[in-house]
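Down below is the structure, laid out as C-alpha cells.
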Amino acid sequence: MVRARLPFRRPLSRRTPGGTSAVPRPFVRALGLVVVVLFGAWLGLLAVGSVRTTVGPMDTTMTLRPSLTGGTKINVSPLGALQLDSHQAPVRLDVDVDRLDPVRSQALVQHPERLAGLQDEVTTDVASGTRELALRSCVAVVTGATALGLAVYRRPRRALAAGGLALALLAASGVGAYATWNPKSVLEPKFSGLLSSAPSVVGDARSIVSDFDVYQQELARLVTNVTKLYDATSTLPVYSPDPATLRVLHVSDIHLNPAAWHIIGSLVEQYDIDVIIDSGDTMDHGAAVENSFLDPIADLGAPYVWVRGNHDSAVTQKYLGDKKRFPNVHVLDQGRAVSVGGLRIAGIGDPQFTPDRTGPEQAADVERVAGRTLAAALREQQRSGTPVDVAVAHEPEAAKETAGEVPLALAGHVHHRQNEVLKGGTRLMIEGSTGGGGLRAVQNKKPEQVLASVLYLDRSTRRLQAWDEITLGGLGLTTAEVSRHLPQEKPTLTSPSPTAPTPSP
C-alpha cells in the first residue's frame, strides 16, 4: 500500500480559551536562567569555594558566602565571633580560625619583638589568601552555574551562558565590595559569645580614636593570646583605664528583674564605670512592698543617678532618696542638677504614674510640659555658670524638649534602642530594657533582650567619644554581644551649653 507523504507543516500555536496565542515570555526564561545561575553558583561555592591559609600564627579557612548585607565575619570557636561592616555587597567573607599553630605561637611568646611586624605579616597573609579565594571562587561559581545549566537545559550554549552570567555577577559583587570597602570598620566591631569581653581587653574608646596604631597592636596581642583565652575565659584581663575618659553606664526599665543588679555590677567592674545613670521604670507597681528590691544599689560600687519612670511612685523616689540607706544615689527631679563622677547631670521624673490608672489622657502633652521644665532648668544652669553635660528623662518625648540645650540627653521607656541627633546638636540616646522587660516578658512569644550601654566621654570637654552597646539574651537565653560605635558627626550646640518591644503601659 502506498502512503501519500504529507507536506511539512509548522506545529500550530497553542491557544488559550480566549483565543490568544500562549507565546513563551522572554522575561520568564531570563528569570529561570537567573535562578539556575544563582543556585549553581551557590552550590559551587559550597563545594570548592573556600581556601585554607595561614594568617600570622593561625590556620584559617576563608570562604565567600551569599549575603544580603555583606561584611566580614571572623569565627573563633568556641569563643564566639567578630563581625565587621567591611563592605556592602551580596557576598560576605567568612574567616574561620581553625587552630593556633603551636610553633608559630610559641615563637611570638618567646620573641615579643616580633609583634611589631605582625601587623604587616597578617596584612600580607590576608591579601594573599583573598587573591587565592577570589580565583577559586571564580572557578567555583562558573563551574557550578555551568554544570547546573547543562543539567537543566541540556544545551551547551545555555550552559555557557549560565557560566558567563555567574562570572559577571561575581565580578559585579567584587566591584561593589571594592567601592564600598570601609577600612575603618575595625573601629566598630561587633563581638558575640565569649569574645564580648574583647572591648575591655583591647582598650577604651579614646585610645582607639586617638591612637589607631596602639589599637592594632592590641588586636594583634588578642589574636596571639587566643590559647590563653581558652584557659581563662572567665577571668579576662581588664584594660588600664585612660584617665582622660569618663565611663557612664546607661541602664533603664529594669522592671523588678533581680538579675539586672548582677549584670550592672559586672559591667561596673569590667569597664571601671564612673557613674551609672538609670532613666527610670526600675520598679513595676511602685508599691512600698517592692522597695527592698532597690537595696543592692548601695553595693554596686559606683554613683547611681536616677529619675522616676511611669512605673516608679513617689514612695519609690522617697525610699531611694534616703542618703543614710543609699549614700551613692542621686535622685533627680524638676530639673535638679548634680555633679557626679566628673559630669554635671540634670533630670526630671516622669509626671505620669500608670500602675494606678490615674494618669492623664493627654500623655504626650504632659511629657512635653515636663520636658520644657527640664529645658528651662538647663538654661538656668547655663546662666549660673554651671552648664549641664547630660540631661535625663524617662520618656523620650520629654527628653526631646532639651534639644539645643545640652550635648547629651538620655531616656528609656520604649524598651528598644534609638539614637538620633536632635535640632541644635543634642544627641538623644534611648536605652532598651536592662531588665529584659521584667517578669512580664514571659507574656511575649520571645523573651526581650537585656540591654545596656557604656558611654565614653572626654574628661576635659565631657563630649561623647564612643559607646558600647551590650546586648544579652533574655529570659532563658545565654547569648552575649557587644557592639562598639563612634559618632559620625561632631554636634555643635546652637545655644550655650543628638517589631520592637512596646513599653509597659
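On a predicted model such as this, the values are computed, not experimentally measured, just so you know.
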Atom pair [atom1] ([X]) and [atom2] ([Y]), whose distance is rounded to the nearest 0.5 Å:
X    : Y    : atom1 : atom2 : result
I470 : Q449 : CD1   : CD    : 13.0 Å
I430 : L410 : CD1   : CG    : 10.0 Å
T63  : R52  : OG1   : CZ    : 10.0 Å
T282 : D253 : OG1   : CG    : 8.0 Å
Q465 : D458 : CD    : CG    : 5.0 Å

Check: [Y] and [X] side chains under 4.5 Å, non-hydrogen atoms:
X    : Y    : value
I345 : V392 : yes
Q418 : P396 : no
N419 : W467 : yes
W42  : L38  : no
V406 : V390 : no
V454 : V248 : no
L343 : V275 : yes

Quick one: salt bridge (charged side-chain N to carboxylate O under 4.0 Å, His left out) partners of [X], sequence neighbours excluded?
X    : answer
K400 : E397
E431 : R417
D94  : R92

Between D468 and R484, does any NZ, NE, NH1 or NH2 come within less than 4.0 Å of an OD or OE carboxylate oxygen? yes
Could you list the residues that satisfy side-chain contact (heavy atoms from CB on, under 4.5 Å) with V95, not counting sequence neighbours? T60, M62, I74, L93
For I264, what residues pass the side-chain contact (heavy atoms from CB on, under 4.5 Å) criterion, not counting sequence neighbours? L249, V251, I254, W261, V268, I276, L300, T434
Which residue pairs pass the salt bridge (charged side-chain N to carboxylate O under 4.0 Å, His left out) test with at least one member in residues 30-41, sequence neighbours excluded? none
Using the side chain to side chain donor-acceptor pair (under 3.5 Å) criterion, which residues pair with [X]? Sequence neighbours excluded.
X    : answer
T72  : S86
R65  : none
D274 : none
E132 : none

Geometric class of the H394/H413 ring pair [parallel <30°, tilted 30-60°, perpendicular >60°]: perpendicular
Side chains of residues 153-177: which donor-acceptor pairs under 3.5 Å do they make with residues two or more places apart or in other chains?
| unit_1 | atom_1 | unit_2 | atom_2 | d |
| --- | --- | --- | --- | --- |
| Y153 | OH | L33 | N | 3.3 |
| S173 | OG | L169 | O | 2.9 |

Can you confirm whether more than 12 heavy atoms, excluding those of D96, are under 6.0 Å from its CG atom? yes
Pair up each side-chain donor or acceptor in residues 133-141 with any protein partner under 3.5 Å, not counting sequence neighbours, and list the distances.
| unit_1 | atom_1 | unit_2 | atom_2 | d |
| --- | --- | --- | --- | --- |
| R136 | NE | S50 | O | 3.3 |
| S137 | OG | L133 | O | 2.7 |

Does the side chain of S279 come under 3.5 Å of the side chain of H250 through a donor N or O and an acceptor N or O? yes
